[in-house]
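I have placed the structure first, in the form of structure tokens, so that the comments after it can refer back to it.
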Amino acid sequence: MEVFTELTPECDITAQMYAAGYEKKEIAVLKHRAVSTINNQLQTAFLILGVRNGRELALKLAERLSGIRLTLDFTPAMRSAVACVLLIILCLDSHFDMRRQRIRTRSNANVELIARIRVRARGRNMPLAV
């Protein structure tokens, strides 16, 4: 399906594959072309479509397929709010990760303690009372 009509069919396919997440080497292997040819096609696509990188190309592909223009322009207040929320999520994640690590450490210590007690008990021929 031709999405980028301003490109040649060959260049369009390459641009779609790159926007979908394929690596340049993967595209070259699948299309039986040299990596330099894929690079040239992508440079041409970027120039014609007015994009600077693969992320913008993927965004343009999504816009063309959905018919909805996506904008990522936020007011400074919105950017600050998003940054704060992301920071809170990061802090909570690290907090819970540390708690999980502490629980794992305690659990491992308890297992080691029980194993030592069992070894000592076997040496004395005492019944276990764990």
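Because the structure is a prediction, the values reported are computed rather than measured. What you see below is based on every heavy atom in this structure, not just the backbone, and it leaves out hydrogens, waters and symmetry mates.
The nearest pair of heavy atoms linking Leu65 to Val3 is CD2-CG2, 3.7 Å. Looking at every heavy atom in both residues, Ile48 comes nearest to Glu6 through CG2-CG, 3.6 Å. Across every non-hydrogen atom of Leu49 and Lys60, the tightest pair is O-CE, 3.4 Å.
Here Phe96 is tied into one hydrophobic group with Ile88, Leu92, each link being a pair of ILVMFWY side chains closer than 4.5 Å.
Tracing side-chain contacts under 4.5 Å through hydrophobic residues (I, L, V, M, F, W, Y), one never reaches Leu57 starting from Val35; they form parts of separate clusters. No continuous path of hydrophobic side-chain contacts links Val29 to Ile13 [ILVMFWY only; heavy atoms under 4.5 Å].
Judged by distance alone, the side chain of Asp12 and the main-chain N or O of Leu7 form no donor-acceptor pair under 3.5 Å. Judged by distance alone, the side chain of Glu56 and the main-chain N or O of Arg52 form a donor-acceptor pair under 3.5 Å.
To the nearest 0.5 angstrom, Cys11 atom SG is 9.0 Å from Ile38 atom CD1. Note that CG of Leu47 is 12.5 Å distant from CG of Leu42, once rounded to the nearest 0.5 Å. The CG atom of Leu61 lies 6.0 Å from the CD atom of Gln16; values are rounded to the nearest 0.5 Å.
For Phe46, the CZ atom is densely surrounded, since the number of other residues' heavy atoms within 6.0 Å is greater than 12.
Counting only N and O atoms by type, the side chains of Gln43 and Asn39 include no donor and acceptor under 3.5 Å apart.
With Met17 as reference, Lys31 is the one residue of Lys24, Lys31, Glu23 to meet the side chain to side chain contact (heavy atoms under 4.5 Å, CB included) rule.
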